[in-house]
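Remember, it's a predicted structure, so these values are computed and weren't measured experimentally. Below, all heavy atoms of this structure are taken into account, side chains as well, without hydrogens, waters or symmetry copies. Along the sequence shown, the residues carry numbers beginning at 1.
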Amino acid sequence: MDYKIITNNNKVFNFFKETDNVIYLENHNINEVLSYIEKKCLEGHRLLSDPILYNLENQDNPFKSILITNKQIEDNSHSIKIILGVLDIIKKVSFTPKDQQSDISLEEFRFVDLNLIRDSISKINLL
């Protein structure tokens, strides 16, 4: 399947940078990443991975990597509804700012995000 990875995680970027399949949003927070995803969905790209926070233990993870279709599709209303819902949820959740987290925690969060996106790609490639 033809996809793009949108990420603010340098570990994900470094893992996939040899491909043309990654857009690195360096220094973007999770809200900015999700807003970028919203823009891409409004342009016609479909979500291929879940942009929702996976669990409460991961809610402070400042890194987010999401798969979208590389090409635009005709009917993308489902993806638009999902991303708008996620943006609404994000407004209600309080996060620990990245600069208040330890380097060890940040590295763990990078690794978790990398594993989540790799799992998503594996599942897509099986389709």
Side-chain angles (χ1 to χ4, degrees):
M1 178 161 286
D2 205 10
Y3 59 84
K4 285 271 187 208
I5 303 164
I6 312 298
T7 188
N8 66 340
N9 182 347
N10 64 330
K11 191 173 281 302
V12 170
F13 174 71
N14 288 331
F15 191 87
F16 292 101
K17 70 182 177 184
E18 298 301 319
T19 72
D20 291 330
N21 293 347
V22 63
I23 297 172
Y24 182 39
L25 303 177
E26 187 174 11
N27 299 319
H28 282 60
N29 65 33
I30 195 163
N31 292 345
E32 294 166 329
V33 172
L34 292 170
S35 293
Y36 184 87
I37 295 295
E38 176 193 23
K39 177 183 154 203
K40 298 311 268 180
C41 288
L42 291 170
E43 290 173 1
H45 299 273
R46 183 170 53 103
L47 289 170
L48 296 175
S49 66
D50 191 350
I52 298 174
L53 302 172
Y54 293 96
N55 59 49
L56 291 178
E57 292 174 3
N58 199 30
Q59 89 171 18
D60 280 335
N61 189 337
F63 304 105
K64 192 68 172 167
S65 299
I66 301 173
L67 296 174
I68 62 171
T69 55
N70 195 28
K71 296 180 182 173
Q72 297 165 327
I73 62 170
E74 199 168 306
D75 181 15
N76 194 35
S77 57
H78 185 67
S79 290
I80 293 169
K81 286 179 190 175
I82 290 172
I83 196 65
L84 291 176
V86 170
L87 286 167
D88 190 45
I89 291 169
I90 284 290
K91 293 175 190 171
K92 299 172 185 171
V93 177
S94 61
F95 297 100
T96 303
K98 192 166 134 179
D99 61 357
Q100 293 179 11
Q101 298 187 45
S102 72
D103 289 342
I104 292 170
S105 292
L106 291 173
E107 189 61 22
E108 288 173 359
F109 283 139
R110 284 183 187 97
F111 186 72
V112 166
D113 184 57
L114 174 62
N115 285 333
L116 288 170
I117 202 68
R118 288 177 64 203
D119 287 347
S120 294
I121 291 169
S122 293
K123 290 175 184 174
I124 287 173
N125 287 334
L126 292 175
L127 297 178

Side chain to side chain contact (heavy atoms under 4.5 Å, CB included) evaluation trace for R110 with L106
CA-CA 6 Å; R110 284 183 187 97; L106 291 173; 3.7 Å; yes
Do I52 and I90 sit in one hydrophobic cluster, given that two such residues count as connected whenever their side-chain heavy atoms are within less than 4.5 Å of each other, even indirectly?
yes
In this structure, CD1 of I82 is separated from CZ of R46 (nearest 0.5 Å) by 10.0 Å
Nearest 0.5 Å, what's the CD1-CD1 distance between I68 and I83?
10.0 Å
Would you call F13 and E26 a side-chain contact if the rule is heavy atoms closer than 4.5 Å?
no
For V86 against L34, the heavy-atom pair lying closest together
CG1-CD1, 3.8 Å
N/O donor-acceptor pair under 3.5 Å between E38 side chain and L84 backbone:
no
Does D88 have more than 12 heavy atoms from other residues, nucleotides or ligands lying within 6.0 Å of its CG?
yes
F109 and Q101: which non-hydrogen atoms are nearest, and at how many Å?
CE1-OE1, 2.9 Å
Would you say T96 and D60 are linked by a side-chain donor-acceptor pair, where the criterion is simply a distance under 3.5 Å?
yes
As an exercise, state the distance from CG of N61 to NZ of K98, rounded to the nearest 0.5 Å.
10.0 Å
For I23 and Y36, run side chain to side chain contact (heavy atoms under 4.5 Å, CB included): C-alpha distance rounded to whole Å, both residues' side-chain angles, the deciding distance at 0.1 Å, then the answer.
CA-CA 11 Å; I23 297 172; Y36 184 87; 3.8 Å; yes
Should we say atom CG of D99 is surrounded by more than 12 heavy atoms from elsewhere, each under 6.0 Å from it?
yes
Given side chain to side chain contact (heavy atoms under 4.5 Å, CB included), test T7 with F16 step by step and report yes or no.
CA-CA 11 Å; T7 188; F16 292 101; over 6 Å; no
In short, E43 meets Q72 closest at the heavy-atom pair O-NE2, 2.9 Å
Same cluster for V12 and I124 if Ile/Leu/Val/Met/Phe/Trp/Tyr side chains link at under 4.5 Å?
yes
Backbone N or O of H45 within a donor-acceptor pair of the N76 side chain at under 3.5 Å?
yes
So, taking the atom named CG in L47 and the one named SG in C41, what distance separates them when rounded to the nearest 0.5 Å?
4.0 Å
Rounded to the nearest 0.5 Å, what's the gap from CG on L48 to OH on Y3? Could you check?
10.0 Å
For I73, I'd like to know if atom CD1 has over 12 heavy atoms of other residues, nucleotides or ligands within 6.0 Å.
yes
Nearest heavy-atom neighbours spanning K64 and V33
O-CG1, 4.0 Å
Would you please test D20 and N70 for side chain to side chain contact (heavy atoms under 4.5 Å, CB included) and show each step?
CA-CA 10 Å; D20 291 330; N70 195 28; over 6 Å; no
How close do N8 and H28 get, counting heavy atoms only, and between which atoms?
ND2-O, 2.8 Å
Taking every non-hydrogen atom, the tightest pair across K17 and V22:
CA-CG1, 4.0 Å
Side-chain contact, heavy-atom cut-off 4.5 Å: I30 with P62?
no
Without swapping roles, check the side chain of D113 against the backbone of S65 for a donor-acceptor pair under 3.5 Å.
yes
SB check K123 D119 (cutoff 4.0 Å)
no
Got a second to check how far K4's NZ is from I37's CD1, nearest 0.5 Å?
12.0 Å
Is it the case that the side chain of E32 and the backbone of N29 share a donor-acceptor pair, with hydrogens and angles ignored and the cut-off at 3.5 Å?
yes
